[in-house]
Trainee: 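The structure under discussion is supplied below as C-alpha cells; questions concerning it will follow.
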Amino acid sequence: QQKPSEIKIGIATFTSGAASVFGVPGKQAAELLADRINKKGGLQGVPVKLYFIDEGAGAETLTNEYRRLVENEKVDVTMAAISSGSCVNLAPLAEDLKMLNLLWDCGTQRIFEEGKHRYNYRSQANATPEMMAALLYLLKKKPDFKTIAVVNQDYAWGRDSWELFSAALKKLKPDVQVVAELFPKLGAPDFSAEISRLLAARPDVILSTSWGGDLDTFVRQANQRGLFRMSTFVLPLAESSLQRLAGELPDGVIVGARGDHYFLHPEYKDDADFKSFVEEFKQRTGSYPIYPAFHMAQAFAALEAAYDKAAAANGGAFPDREKVVDAMSGLQFRGYGRPITIRPDNQGLEAQLIGVTRTTSEYPFPIIDDIMIFDAETIMAPPGKNSLEWIQELDASFLETPAKEYKHGK
Amino acid sequence: MSHIIILAVLDGIAYGSLVFLVAVGLTLVFGVMRILNVAHGSFYALGAYAAASLGLGLTALGLSPWLSYPLFVVAAAAVGVVVGGALERLLLQRIYRHEEALQLLVTFAVFMILDNAQRLIWGVQPYFYSEPLRLLGNVSVAGITYTAYQVVFLPLVAIAVLVALRLFLRHTLAGAVIVAVTEDREAATAIGVDARRVFLITFIIGTTLASLGGALAAPTTSILPGMGADMIVLSFAVAATAGLGQIEGTAVAALAIGLGRSFAVFFAPELEVLMPYLIMVLVLLVRPEGLFGKATARKI
Amino acid sequence: MATHSSLRRTALAVAALAAIAYPLVTGSSGSFLTIVWAKALPVLGIILLLQAGQVSFGHAMFFAVGAYTIGFIGRAMAGGDLALLLPAAALASLLAGLVIGVFVVRYRYIFFGMLNLAFSMVLFSMLDKFIHITGGSDGLRIARPAVLGAAMERSDYETVLYYVSLAILALALYGGARFLDSPLGHALKAIKSNETRVEYLGISARLVLLVAYVASAVLAGVGGALVGAVQGIATPDYAYWVRSGEFVFVAILGGTGHVAGALAGAFVYEFIRSAAAAYVGDTWQMTLGIVLLAVILFAPRGIVGMAAELWGRITSASARHGAASPEAAPDAASARDARPLRIVGGGR
Amino acid sequence: MNALISVRDIAIRFGGVVAADGVSLDVFAGDHLAIIGPNGAGKTTFLNICTGYLKPQRGTVQFKGRDILGSSPRAITRLGIARAFQIPQLFLEQTVRENMLIAAASAARRFAPFARLADIPERGDVESLLALVDCADVADRKAGELPEGKRKLVDIALALALKPEVLLMDEPTSGVASSEKFAIMDTLVAALKERAVTAVFVEHDMEMVSRYANRVAVWSAGTISRQGPPAEILNDPEVVRTVIGG
Amino acid sequence: MLELADISVSIAGTPVLRRVAFRVGEGETVAFVGRNGAGKTTTLRALMGLIDYTGSIRLDGRPIDAVPAHERPGLGIGYAPEDRRLFSAFSIAENILLPARVARLSAAETKRRLDRVYAILPELAQLAERPAGSVSGGQGKMVALGRALMLGTRLVLLDEPFQGLAPVLANRYAEALRALRDADRTLSLIITESNPALLKHFAERTITIERGEIDGRAAA
Ligand SMILES: Nc1ncnc2c1ncn2[C@@H]1O[C@H](COP(=O)(O)OP(=O)(O)OP(=O)(O)O)[C@@H](O)[C@H]1O
Ligand SMILES: Nc1ncnc2c1ncn2[C@@H]1O[C@H](COP(=O)(O)OP(=O)(O)OP(=O)(O)O)[C@@H](O)[C@H]1O
Ligand SMILES: CC(C)C[C@H](N)C(=O)O
Ligand SMILES: [Mg+2]
Ligand SMILES: [Mg+2]
C-alpha cells in the first residue's frame, strides 16, 4: 500500500441544537488533536485532515452528509456520533459502506449488545457502567437512604439511564421507595412544577442524568428554592456543567463525567502530556476540557494505536483500510485517562470516575473531590450479555466492587 | 392533597403568565395582520439574550442589579423595534400583496436565520442571568418555597399587560384603527387609516411582547440557541385555543395550559407534554372557533 | 400552438429520461434524489389541501405513520418485503388519515392547522415515550427488506428504491393533476373561496375535504415509508412539527398552483439544504434561510410560478401569439394568481 | 292545490331584533312570487330559513309535504331548492365557466375522481345558461374579476345550473345596469317558465315585480302584511306609503 | 374643482380604464353611469388611490397623484364603496364615527357632521347600537353612505348608493342628497347608479362610461 497524502477523518458532532454544548467542545478538541498529530508528523507519517458534519441537521441530512463524506470526500475513517440516535442510524450504514467508524461519544449500550459489527467500534464506555458507577458511589457514600426521585429528560437517554439505574437499585437495595419519576421534555425551559413536587415529596436522593441547559436550569431553580438542602443529588453528567454553574451548585453533590476523565484526573493531572492538553484546550477555548473533549481524545488515541498496530502487523508498511479495521479488535490505547481495551464485541472498556462537588479557592467553580475510579470490567455486562439481564443477576457482592479513592490535594 | 392543589395552581399561574406574555404578542400579530409569525419564538429568544447580556453588563460595570428591571423593558423594546421593525419593513411589506402563505414562508426563513444568528453571536453554551430572581427573594406557601419573581412578579406583569392591551384595543383610537385594519385593510385606507403604519406598529408591539416574555424568562431559565422553537408551538396552541386575535381568550388559554401542565406534573407526569394539545383539542371540540371565538360577520 | 405543447411534452420527456437514466449513467445510487422523490409526496399532499385553503401543520404525523409501519412490520417479519411494506404503509396512513380526517375536516384555517399540529404532537410524544415499542428518540431500526422475495445488497437495494420512488412520484403527480382537474378537485378549490356556495350547490365541503385529506395522508405515509426505507430508521422527529412546517414551506416554495410545485420545491429545498450543510457548515441554517428568502422575494409565486412565467416569456417570444395560446395560458394565469391564501378566516 | 313550499308560523329573533314573527306562506308550483318590503324587514332571513341556513325558534317549513326544518342547506339544495344570493356567492378564484361546471357536475352527481371537469356531458348546458344571463363573454374570466352586476347574474346562473324545481332569488338584478336588466330578465323568466321552475324573488324594483310576478307578498317588520296579485298590492296605499314611495 | 386627465388602469394586464378624463365643478353633482363592467367602480377606486393608475387627478387645481391613499380622505373626500365594507367588529355608530376619529375632528365638528348624517339617514339612528356584522343588505348600504358623508366635505363618491334600498327610501335619500347639495354649494358629488331615473331630479350632469372609456363630448 502506497502512503496516501493524507488520512481523512469524518466526524459527526452537534454544531447546532441543544447538544452542541457537547458537540462544539468535541469539535474544538478534534481540531486541537489533529494539529498535535500533524505536528508530530501524522499517523504513520501521514497527516490527518478533518471533515465535520452536523448531527443537529436531522437524520436525513446527517445520513446524506455521512454518505457524502464516504462516497465523495472519500474519508478513511469516521467518528460518529454524540447522540445515540445518530449512532443507531449511522452504525449500520457504516457497516454497509465498509467504513471504519468509531462511536466516539454516544452512550446507548444496545448497539453492541444487539448485533455483530466489523466496522464499528466504541472508544469509550457505555450507559451501563456510567450508571453503575453512580449507583455504587451513592450506595457507598450514603447507604441509608429510603426514598429517591428521578428527574430525567424525556428521551431515550433519560429513560434508558433510569431503567438501568433503577433496575440495579431494586436488586441491590429493594427497600428504597421511588417517590417521583419525572420526565420533563427535552429542552424544557422551566422546572418549577417539578421542583414544587419534589419539595412536597421530600426524597432523600434525587437523581438526574440531564445535561446542558436543562441541567443548568434545573440546578439553578432547585438551588434557589432550597431543594439542595433537603436531598442528596446524583448528577452523573454534571461534570460538563460545572464551569458554567459555578456558585449555583453547592458542595456535596455526586457528579460524574461519563467515563474516566477529568481535567483534574487524580492519576494523570501532573502528567506532562495531560497538562499540556488541558492547558492548550483552555487557552484555545477559554474553558477547561469537559468530557466530550476527552472522548474525542480517546477516539484519536484509538485511531493512532490502530494505525500503529496495523503497520506493525504489516511489517512496518503503511496499512490499507481493512488492515486498520483488523487492528481494532483487542486494541489497547490510552486517551487522557487509564488505558482502554476494545473488547471482542467491539465495546471499549473504560473505567469510571465519579465524585462529589467541592468549592476550593483554586477555581471559580466547584471541582470534583472524593473521587472513586471503578474498573470497567467490574461494572459492565460481559460481552454478548444484555445489560438488563446482567443487572438482574447482580447481588449484594456487587456492593463490594472495589474502587480507587482520591482526595483533592492529597 | 388540597395543599398539593395549591402548589400546582401556583406553578400553573407562574408558567401561564410567561406563556401569556409571549402568546399574546403572537395573537395580536396574527389577529391583526393574519401573519402566523413562525419567527415569534426567535424574538422570545432574542429578548432573553438581550436581557441577559445587559444584565451581565450591569454586573460587570458593578451597577445595581435593580436596574435590570427597567433594562429588561428597554431590551425588549429595542429588540421589537429594531429587529421586528426591520423584519416588517424590509421583508413583510414587500409581500403583503401576495399570498398570505408567503408571509408564513418569510417568517419561517427568518426563524432559521435568527436561530443560527443566536448561535453565532452568543455561542452554544447556555447563558443565564438570575440576579432579578434573587433580588425579589422567596415566599413560602404551604411549607414550600417559591421565588417571588415567579409567583408574584410575573403574574402581575401579565395582568398589567392584559389590562393595558385591553384598554389600548378597546378604548383608544389606535386600538380601534388596528381592529379596523384587521378586518378590511382597503376599507380602512378609504377612511384615512395608514395601514402600513398600523401593520408596522402592530408587528413591533407583537414582537416586543415576545421579547419581553423572553427578557422576563431570562432569570428563570437557561438561555440557549433555539430556545424559541418550543415557545412557538406553544404560542400557536394558545392562540388557537383562545380564538383569533382574542386577548382575554389568550389569557384564559395560557392559564389553562399553565395549570394543565403543572397538574400533569403532580398527578400524571406522562401527560405533561401533551397537555397543551389535549386542552386545545378539548376546547375546539366544544367551541370550534376557540374559547372566545368571535362571531363571524354575515355574508349572505 | 401545437409546437408549444409538443415543446412542453418534449421537456417533460427529457426530464423523465434524465431521472430514469441518472443512476445508470452516474453509477451512484442516487439516494439524494430518492429522498427528493419521496419527500415530494407529502408536499404534494399539502398542495392538495392548500387548494382548499387549508394548511396542515401536522402532516408529518402521517409521514411517521408510514415510516413506523414499515419499521414495525419489518421487525415482526425479519425485514419483510418491500412489495408488502409499501402497501401496508399506504393502508395504515389511509386509516389514520380517515380517523383523524373525520375529526379535523370540521375545522378551518388556523383551527384546522393547529388541530393537525396537536395530533401530530400527540403522536410525536407517544413515539418518543413508548421506548420499548418504538425505540424512543433513538428511533426504530428498519432492517433492509427483501424485494419481491430477493434479498438485496445495499447498492442494489438503493437503486430499486430510487426507481420505486420515482415511479410512485410520477404516478402521484399524474394522479394529483388529474384529480385537481376533476369535479372533485374543482370543488376542493371552491371551498377555499366560498364554502357557503359549495354547500348551496349540494356538495358536502367536509366530504370533499376528507377525500383530499385522506389522499394527502396516504401520500405523506408512502413518502415516510420510502424515506424510512432509504434511511433504515424511523425517528420521532418524523412526526415533529418542524417537519410538518417544512412540508408546508416546501409546498409554497415550489408553488401551490400546480402539482409540479411539489417536485420543484422538494428538489430545490433539499438541494439547498444539503449544499449548505456540506459547504458552509456552521451557518447552514442561515444560508438556507437567506437563499430561501431570496427565492421568495424573487419568485413570490413559487418556483413553478416563476418557471411558468419564464416559459410564457420564452414561448411568447418564439411565437408571436404565444401568450394567447390556450396551452400556455392556464399556467400563466394560475401563476399570476395572487389571491390571498387564507390561513385565517374572514377578511376580504 | 298543494303547496310546493309551505311555511307555517315561523319566528326568529336576533337579540332584540325580530326578523320573523309568525310568518306563514305557501309557494305553489308555477308561482313567480315576489317578496317586497322595507330594508331589514326580514326578507333575506326568510330565504335563509327556507334553505336551512338559519333555524327559526318556532314554526315549520315543508317542501312537497316533507318537513325540511333542520335540514342543511346542502340537503335542501339536493331536494330541488336552489338559491341565488343578495350578495353574490361565487368561487372567486375560478373562472365563471368552472363555477358553472362545478354546479352542473354536482347536479348530475359527477364526482369520478379522475374525470376532467371540463369534459362533463353537461358542458353544453352550461354554455347556454351563461348565454341566457348574458355572461357568455366573461366565461373565461375569474369570478373575482367580474364587476358587481355580472356577479349577480352569474350567481343566478349557478343556481339554475342545479336544475332546481324551485329557485329563490334575493334581489336578482340589483346592481345590474337598468339598460340591460329587462332584456336579461325577459329571457331568464321565459326560460324559467319553459323549465317549469317555480320562482321566489325578493325585489325592490317595482317595475320588475309588476312585470314578472304573478303574486306579491309584502314583508313588514318580520310579518307578512299583505299578499295578492301585483296589480292590487302595488297600488295598495299602505304598501305605497311604506315600501314604494310616492 | 376635480379634474381627471388620462386616467388608465390595467388589472392583470388587461386595460380596464382607458384615458378616462372628466371634470366636476364645485358644488356640482354628477351621475356616473355605464353598463356593468364599464369601469365606474374602478374609476372611483382610482380616485381614492386604492388602485394603481396612470394619468393625473387634480383637486382644486392641485395634483393629488402623489398623495397616498390614506391621506386622500383627509382632503375632504368621502367614499361609499359599492360592496359596503363595514367593520363588523364595531357597532353601526362606531362605523360611522371612526372616520371622524381617525381624522381627529373636534367634538363639535364631529357632532355637526353626525347630525347631518342622521338628518339625511334617520333610519341609522335606530340601528346605531347594532353590530355592523349583522345588518341586512340594505341597512349596510345606509351605513356605508353615512360613513362617506362623515368625511366628504369637498367631494363625496357614492358607488351605487341606492342599490338594494326599498324604493321609498331610495327616493327619500335622493331627495335628501339633493337638499344637501342645495345647502352646501361647495360640496361635489359623484354618484354611480345603474338606475338613472333616481338621479334625474338632481344630478346636473351625466357622464357615461363605456368599456373603460368616456365619450369625450359628454365629459367636457
Ligand atoms: N381584480 C380584477 N381583475 C381583473 N379584472 C377586473 C378586476 N376588477 C375589475 N376588473 C374588470 O374591470 C372592469 C371594470 O369593472 P368595474 O367594477 O369598474 O365596473 P363597474 O362599471 O363598476 O360595473 P358594475 O356596474 O357592475 O359595478 C370590468 O370589466 C371588470 O371585469
Ligand atoms: N345574523 C343576524 N344577527 C343579528 N341580526 C340579524 C341577523 N340577520 C339578520 N338580522 C337582522 O334581522 C333583520 C332582517 O334582516 P334581513 O336581512 O332578513 O332583511 P331584509 O329584509 O333582507 O333587508 P334588505 O332588503 O335590506 O336586504 C334586520 O334588522 C337585520 O339587522
Ligand atoms: C448527551 C448525551 C448524554 C447523550 C448520550 N451520549 C446519548 O447517547 O444519547
Ligand atoms: Mg335582504
Ligand atoms: Mg361597480
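Atoms considered below: every heavy atom in the structure, side chains included; atoms not considered: hydrogens, waters and symmetry mates. Convention: sequence-line order gives letters A, B, ...; per-chain numbering from 1.
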Trainee: Can you tell me how far the CD atom of C:Q285 sits from the OG1 atom of A:T15, to the nearest 0.5 Å?
Mentor: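 C:Q285 CD to A:T15 OG1: 8.5 Å, rounded to 0.5 Å.
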Trainee: Under a 4.5 Å heavy-atom cut-off, does chain C meet the side chain of A:E163, its backbone, both or neither?
Mentor: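 Contact with chain C involves the side chain of A:E163 alone.
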Trainee: Would C:R141 and A:R110 count as a side-chain contact (heavy atoms from CB on, under 4.5 Å) here? Give the steps.
Mentor: CA-CA 12 Å; C:R141 285 274 308 137; A:R110 293 169 203 261; over 6 Å; no
Trainee: Is it the backbone or the side chain of A:S16 that comes under 4.5 Å from a heavy atom of chain C, or both, or neither?
Mentor: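 It is the side chain, since no backbone atom gets that close.
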Trainee: So how far is it from A:L90 CG to C:Q231 CD, rounded to the nearest 0.5 Å?
Mentor: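 Taking CG in A:L90 and CD in C:Q231, the distance rounds to 9.5 Å.
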Trainee: Determine which pairs satisfy salt bridge (charged side-chain N to carboxylate O under 4.0 Å, His left out) with at least one residue from residues 18-28 of chain A, sequence neighbours left out, and list them in order.
Mentor: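 Of all non-adjacent pairs touching residues 18-28 of chain A, those that pass salt bridge (charged side-chain N to carboxylate O under 4.0 Å, His left out) are A:K27-C:D282.
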Trainee: So how far is it from A:E71 CD to C:F32 CZ, rounded to the nearest 0.5 Å?
Mentor: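 If I round to the nearest 0.5 Å, the distance is 13.5 Å.
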Trainee: Do NZ/NE/NH1/NH2 and the carboxylate oxygens of A:E65 and C:R273 come within less than 4.0 Å?
Mentor: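 Salt bridge: no.
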Trainee: Which region of A:T108, side chain (C-beta onward) or backbone (N, CA, C, O), has a non-hydrogen atom less than 4.5 Å from a non-hydrogen atom of chain C, or is it both or neither?
Mentor: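 Side chain only.
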Trainee: Is there a side-chain contact (heavy atoms from CB on, under 4.5 Å) between C:K129 and A:R159 once you walk through the steps?
Mentor: CA-CA 9 Å; C:K129 221 155 223 162; A:R159 296 270 173 182; 3.3 Å; yes
Trainee: Is A:L186 in contact with chain C via its backbone, its side chain, both, or neither, using a 4.5 Å heavy-atom distance?
Mentor: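 Neither part; nothing is under 4.5 Å.
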Trainee: Do you know which of A:N89, A:N64, A:L69 has the most heavy-atom pairs under 4.5 Å to chain C?
Mentor: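 Counting heavy-atom pairs under 4.5 Å, the top option is A:N89.
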Trainee: Counting only non-hydrogen atoms closer than 4.5 Å, does A:F52 touch chain C with its backbone (N, CA, C, O), its side chain (CB onward), both, or neither?
Mentor: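 Neither part; nothing is under 4.5 Å.
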Trainee: Between A:D154 and chain C, with a heavy-atom cut-off of 4.5 Å, which part of the residue counts as in contact: side chain, backbone, both or neither?
Mentor: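 Both parts, heavy atoms under 4.5 Å.
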Trainee: Look at A:I53, A:L97, A:L93 and state which one has the largest set of heavy-atom pairs under 4.5 Å with chain C.
Mentor: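 Heavy-atom pair counts peak at A:L93.
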Trainee: Which bit of C:V242 is near chain A, if near means a heavy-atom gap under 4.5 Å: side chain, backbone, both or neither?
Mentor: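 Neither part, no heavy atoms under 4.5 Å.
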Trainee: Could you state the interatomic distance from OG1 (A:T63) to CD1 (C:I35), rounded to the nearest 0.5 Å?
Mentor: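 Rounded to the nearest 0.5 Å, the OG1-CD1 separation comes to 5.5 Å.
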Trainee: Can you pull out every salt bridge (charged side-chain N to carboxylate O under 4.0 Å, His left out) where at least one residue sits in residues 114-128 of chain C? Sequence neighbours excluded, please.
Mentor: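 Sorted pair list comes back empty.
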Trainee: Does anything in residues 216-225 of chain C reach chain A? List residues with heavy atoms under 4.5 Å apart, or say none.
Mentor: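 So no residue qualifies.
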Trainee: With A:K8, which residues qualify under side chain to side chain contact (heavy atoms under 4.5 Å, CB included), at least two apart?
Mentor: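 A:K8: side chain to side chain contact (heavy atoms under 4.5 Å, CB included) contacts with A:E6, A:Y51, A:V75, A:D76.
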